[in-house]
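Report on one structure; see the data block that follows.
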Amino acid sequence: MIEIILNGKTQQTSASTVSELADSLGLTNKRFAVEINQQVIPKAQHQQTQLNNLDKVEIVQAIGGG
Amino acid sequence: MIEIILNGKTQQTSASTVSELADSLGLTNKRFAVEINQQVIPKAQHQQTQLNNLDKVEIVQAIGGG
Amino acid sequence: MIEIILNGKTQQTSASTVSELADSLGLTNKRFAVEINQQVIPKAQHQQTQLNNLDKVEIVQAIGGG
Amino acid sequence: MIEIILNGKTQQTSASTVSELADSLGLTNKRFAVEINQQVIPKAQHQQTQLNNLDKVEIVQAIGGG
Amino acid sequence: MNDTVKDVFRIADKTYNSRLLVGTGKYKNFDETKTAIEASGAEIVTVAIRRSNIGQSANEPNLLDYISPDKYTILPNTAGCYTADEAVRTCELARELLDGHKLVKLEVLGDQKTLYPDMEATLIACEQLVQRGFDVMVYCSDDPIAAKKLEDMGACAIMPLAGLIGSGLGICNPHNIRLILEQAQVPVLVDAGVGTASDATIAMELGCEAVLMNSAIAHAQNPVLMASAMRKAIEAGREAFLAGRMPKKAYASASSPIDGRFF
Amino acid sequence: MNDTVKDVFRIADKTYNSRLLVGTGKYKNFDETKTAIEASGAEIVTVAIRRSNIGQSANEPNLLDYISPDKYTILPNTAGCYTADEAVRTCELARELLDGHKLVKLEVLGDQKTLYPDMEATLIACEQLVQRGFDVMVYCSDDPIAAKKLEDMGACAIMPLAGLIGSGLGICNPHNIRLILEQAQVPVLVDAGVGTASDATIAMELGCEAVLMNSAIAHAQNPVLMASAMRKAIEAGREAFLAGRMPKKAYASASSPIDGRFF
Amino acid sequence: MNDTVKDVFRIADKTYNSRLLVGTGKYKNFDETKTAIEASGAEIVTVAIRRSNIGQSANEPNLLDYISPDKYTILPNTAGCYTADEAVRTCELARELLDGHKLVKLEVLGDQKTLYPDMEATLIACEQLVQRGFDVMVYCSDDPIAAKKLEDMGACAIMPLAGLIGSGLGICNPHNIRLILEQAQVPVLVDAGVGTASDATIAMELGCEAVLMNSAIAHAQNPVLMASAMRKAIEAGREAFLAGRMPKKAYASASSPIDGRFF
Amino acid sequence: MNDTVKDVFRIADKTYNSRLLVGTGKYKNFDETKTAIEASGAEIVTVAIRRSNIGQSANEPNLLDYISPDKYTILPNTAGCYTADEAVRTCELARELLDGHKLVKLEVLGDQKTLYPDMEATLIACEQLVQRGFDVMVYCSDDPIAAKKLEDMGACAIMPLAGLIGSGLGICNPHNIRLILEQAQVPVLVDAGVGTASDATIAMELGCEAVLMNSAIAHAQNPVLMASAMRKAIEAGREAFLAGRMPKKAYASASSPIDGRFF
């Protein structure tokens with residue numbers, strides 16, 4: 001278990017990669033984008049990208065806006 | 001005593017001329033104009049103009065307006 | 001031959017009725033309306049309506065306008 | 001004699017100071033300001049400020065403008 | 001639009017899908033007239049009544065061969081009339097010309113420089129025409145009191161000018177048009193003054209039932225394309241009126257939510 | 001219209017038939033969003049980028065399920081960003097989200113009350129985004145000098161505000177829009193401030209290539225009908241621009257000839 | 001200004017220095033009326049004619065004790081009249097009240113909601129009043145044809161509304177005011193609709209001889225200060241009209257020379 | 001007016017009675033310049049800085065002989081500067097020329113056709129000038145965000161353009177001027193674009209502290225009379241602003257009471 005700041009909220013996770021985190025959040029096959037510590041993580045690297053303690057993770061999507 | 005319609009209101013008066021009517025209303029030396037039955041009565045004729053029963057008398061003055 | 005004022009111009013004509021006048025002007029079967037001395041003459045009466053000397057005849061049609 | 005660029009035009013002058021230059025131009029007691037090589041030269045220093053060969057001298061005044 | 005399927009325009013007991021009425025003047029030729037009017041989608045087309053060109057060429061083409069009364073509602077107008085009598089005579093001739101068709105556009109003009117309506121004479125002519133059985137659409141000033149009088153005497157449409165005929169100035173006084181609209185029980189059309197598509201849209205957004213125009217189309221550099229523009233502009237304005245615009249605000253209002261920002 | 005068959009709108013090397021770009025904010029729900037956007041005929045649709053609602057309901061519907069990137073060109077915007085850095089980060093995430101799609105709408109705001117662009121920051125962000133390979137459409141003030149700088153640094157579209165975002169005030173300063181149009185070599189779109197159909201028509205008549213709006217549709221009482229109105233309004237304005245309007249005149253010009261009067 | 005020393009305003013053969021005419025309605029009390037009118041510099045002051053308040057308090061103050069006919073030209077108006085007859089009767093009473101003074105302001109109203117003039121009745125009343133020897137200043141619509149008729153029948157001043165009485169909307173249709181001005185041989189004044197100082201200035205810049213107002217002063221938060229503002233606004237507008245404004249330009253024109261730059 | 005006795009205009013710790021600032025360009029000669037400026041009542045007069053006409057005629061008259069720094073506050077401007085550096089150099093020379101006088105009008109222009117400010121460069125120059133101890137009045141766009149930045153860096157007056165310099169178009173975007181006014185803690189003046197008296201009155205009614213103009217006076221047909229008009233227009237607008245205008249209404253409101261009618 002590590003502690004990450006996910007979308008602004010501190011929380012524990014057993015996921016060790018971005019893919020595992022996404023899966024644990026029910027985002028499998030959804031359209032989203034991930035940033036860790038202000039660096040975009042391309043989809044192709046989600047599997048191999050390790051999560052580290054205290055990482056700031058942002059998971060975003062498109063919403064209505066003008 | 002006769003009955004006249006003065007400024008739209010029926011009333012009794014003992015005045016027999018326009019001048020007497022004006023005096024009775026406290027209008028002596030005031031600036032006003034008189035119409036009887038839709039005919040203007042010039043000031044010069046106030047003294048000699050007789051009031052008749054059921055005359056429609058209008059006494060008007062200048063007021064604020066735009 | 002009589003003299004009529006046709007659309008503002010004095011001229012001679014051998015036509016004795018409105019129909020004959022229209023025919024002589026090549027207006028047969030065209031869409032037009034006729035007024036004599038400021039009275040409209042309905043189509044149905046063209047044949048029987050006599051022309052008189054000095055009649056003011058107006059023959060009008062629809063043109064472009066707004 | 002040195003050569004200076006005065007208000008954009010190259011010219012010879014025998015003046016060795018700003019004051020002498022101003023005098024030679026008939027500007028004595030006039031209201032003007034002087035810049036040499038993009039540095040403003042305060043009035044108080046006009047007498048002691050030496051002119052050097054190829055100095056870019058600007059002499060300016062107020063004119064009509066909005 | 002499903003929403004507008006039933007949004008028909010009714011004048012003198014007849015219904016129309018188009019809310020654009022057009023004139024037939026100022027075109028290069030009848031072909032251009034016809035093509036532009038087709039592009040405009042107009043169903044009511046106004047024409048002037050003038051002396052036939054007698055003797056010159058009896059076989060010259062006639063406007064109504066191009067704009068057929070079978071296809072269009074022809075709206076004869078009294079353009080050029082400066083007295084009530086002239087206007088009434090013109091309408092009588094028009095009715096005869098069009099086989100008893102009784103819909104007319106009344107205009108009684110005040111002077112040649114402005115072509116502004118002579119409302120005093122217009123009121124007289126309107127009253128006579130109604131008595132004679134005409135359905136009278138009245139070109140008038142934007143005077144709400146005169147508009148009410150026209151309606152009260154039986155005009156079937158009130159048609160205030162947006163601006164001077166042929167000026168292209170657009171709606172010079174929307175306040176007055178609005179006053180007329182608020183009180184009217186018969187259709188209010190803007191007639192005259194439209195110069196470009198947005199002018200027509202604005203007239204419809206104010207709540208006018210329709211717009212009548214001529215120069216804006218005929219005097220555009222490309223009349224046929226402008227006719228198409230006007231057709232859409234009228235529809236756009238009508239739909240915007242029916243849709244109900246957003247309120248105006250002095251300050252901003254974000255289109256995107258503030259919540260969920262990650263930065 | 002034959003005349004307009006080839007009148008396509010080109011942005012960043014792609015062509016579009018519609019010149020109406022729409023936002024996706026402020027609708028009641030995604031169904032209304034979808035229906036209104038279909039009625040608008042828009043091909044380019046702007047969206048905001050925000051944190052996913054994690055944990056709440058993983059199965060809640062997603063905007064892009066309703067407005068599919070397969071059907072529409074999705075234009076992610078940087079709404080809500082108040083610094084150049086935030087805007088650049090947002091664009092990077094958007095590009096990732098949309099599988100490398102590089103068209104973005106840049107907006108860097110100055111304050112919350114006006115949502116007026118911070119042009120100093122906008123210039124900085126635009127330069128960075130161009131360098132990073134984005135096609136940048138820029139929401140900007142109507143300052144013609146800043147517009148030129150944006151174009152010079154490689155913006156693919158200049159999008160001055162007509163009025164404050166969500167204000168519905170229409171084109172507050174047509175003079176400046178005209179100055180920007182005269183000099184621009186890239187498309188100029190009016191973005192923000194449109195309140196009703198005629199506002200959009202006017203923007204197009206000025207010569208804008210297209211218009212981007214959100215509140216005017218979403219906050220109308222009937223958004224779907226207003227979407228249709230806007231579609232027509234944009235087309236009307238474009239056609240009127242291409243057709244070339246009649247000149248304005250101070251006096252009248254008769255639509256009917258004077259010759260041939262019989263009265 | 002030397003230039004304006006002789007720029008007097010002439011109405012019915014009397015000359016005035018002030019081109020601001022004011023009403024006396026809507027003030028808190030007669031003291032405020034008097035102070036505001038003094039601050040306005042007006043020389044012509046309009047009053048309404050109404051029934052005396054008989055019996056209530058014979059000693060209550062009278063408007064003309066505050067606004068003396070010895071100091072001001074009193075202009076009785078027919079406010080509140082909805083028929084020509086009422087207006088004529090009111091003028092006759094006013095003439096008697098003011099010892100034969102024959103200058104009157106005619107207004108015949110169309111309805112209570114708009115107070116827009118009934119021009120048909122106004123024309124009738126004007127004709128009668130001229131025949132009875134009155135000098136008639138006529139409140140009228142901005143219809144240039146009606147304005148010409150009023151002048152032709154002998155009105156001594158044409159006074160089109162800028163906007164509805166008491167609306168403060170300013171000059172709603174400057175085009176029409178201009179048409180009236182171009183043709184008029186008698187003074188044209190804007191009457192009604194002015195809301196603030198710039199409205200009055202604009203009226204004068206258009207070429208009006210003077211402006212009549214009431215609410216704009218009386219309903220300002222500080223009527224006395226607004227009266228002073230209006231005095232200056234009228235003078236500013238008149239001087240600007242006489243001075244001849246610069247032409248408008250689409251592009252810039254430097255106020256400072258380009259020559260002589262050292263940078 | 002008693003009410004306005006204390007209504008002084010304060011800029012950079014000095015107070016003025018006049019709220020009209022004038023330029024000195026475009027006049028026929030120095031005599032006209034002097035007479036017009038006297039008629040305007042201006043106390044602050046702006047001048048450009050240019051190379052002396054060396055050698056031509058050392059005795060030719062100098063502007064400051066006509067507009068004496070002893071009588072007027074001379075406001076040197078940076079007209080003609082297209083970079084921040086040029087503007088700063090010009091201000092330094094101006095300060096030297098005027099014996100340490102540190103009040104300047106900063107303008108950094110974007111291009112010759114529009115003379116629109118380059119706001120990016122203006123912000124840079126303003127910051128430098130404030131650091132060098134100048135009191136900086138800044139000619140700027142009507143961008144409220146940039147205006148706030150200028151104020152935050154220490155500008156002593158914000159001077160948005162009403163319209164392009166020398167255009168005479170009046171206040172092209174009153175909404176933006178209002179946004180700037182609402183937030184500003186330093187005086188806001190309209191600078192550039194005024195064409196006639198009412199434009200100046202409107203600027204003051206919006207709440208501007210003062211107005212700066214040149215062409216509107218110098219290019220009037222009679223500059224001296226227009227200068228007088230502007231003086232009064234500014235005072236009228238200021239007083240109207242302080243007096244508080246009546247609210248606008250969509251319908252009429254009678255100035256004369258309904259009670260007491262005898263007809």
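Order of the sequence lines sets the chain letters (A, B, ...), proteins ahead of strands, with each chain counted from 1. Because the structure is predicted, anything quoted here is derived from the model rather than measured. Note that these values count all heavy atoms, side chains included, but never hydrogens, waters or copies made by symmetry.
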- Message: Among E:Thr46, E:Asn77, E:Thr24, E:Asn214, which residue satisfies the side chain to side chain contact (heavy atoms under 4.5 Å, CB included) criterion with F:Ser255?
- Response: E:Asn214

- Under 4.5 Å from a heavy atom of chain E, the part of F:Leu93 involved: side chain

- Message: So E:Thr90 and F:Phe262, do their side chains get closer than 4.5 Å, heavy atoms only?
- Response: yes

- Does the side chain of F:Arg245 come within less than 4.5 Å of E:Met226's, by heavy atoms? yes

- Residues that F:Phe30 engages under ring pair (Phe, Tyr, Trp, His ring centres under 6.0 Å), provided they are two or more places apart: F:Tyr66

- Item | Gap between atom NZ of E:Lys113 and atom OH of F:Tyr251 - 0.5 Å precision | 4.0 Å

- Query: What distance separates F:Asn222 CG from E:Glu239 CD, expressed to the nearest 0.5 Å?
  - Reply: 9.5 Å

At their closest point, which heavy atom of [X] faces which heavy atom of [Y], and how far apart are they?
{"X": "E:Arg50", "Y": "F:Asp259", "value": "CD-O, 3.2 Å"}
{"X": "F:Ala197", "Y": "E:Ala240", "value": "CB-CB, 3.8 Å"}
{"X": "E:Ala254", "Y": "F:Ile165", "value": "CA-CG2, 4.3 Å"}
{"X": "F:Ser253", "Y": "E:Leu115", "value": "C-CD1, 3.9 Å"}

- Might you work through the side chain to side chain contact (heavy atoms under 4.5 Å, CB included) test for F:Lys249 and E:His219, ending with a clear yes or no? CA-CA 12 Å; F:Lys249 295 172 189 169; E:His219 275 188; 4.2 Å; yes

- Message: One pair to check against side chain to side chain donor-acceptor pair (under 3.5 Å): F:Lys26 and E:Ser256. What are the steps and the verdict?
- Response: CA-CA 8 Å; F:Lys26 299 183 170 181; E:Ser256 306; over 6 Å; no

- Task: Using a cut-off of under 4.5 Å on heavy-atom pairs, state which of F:Ala87, F:Ser52, F:Gly80 scores highest against chain E.
- Result: F:Gly80

- Task: Could you pull out all residues at least two apart from E:Glu96 that satisfy salt bridge (Lys or Arg N to Asp or Glu O under 4.0 Å)?
- Result: C:Lys43

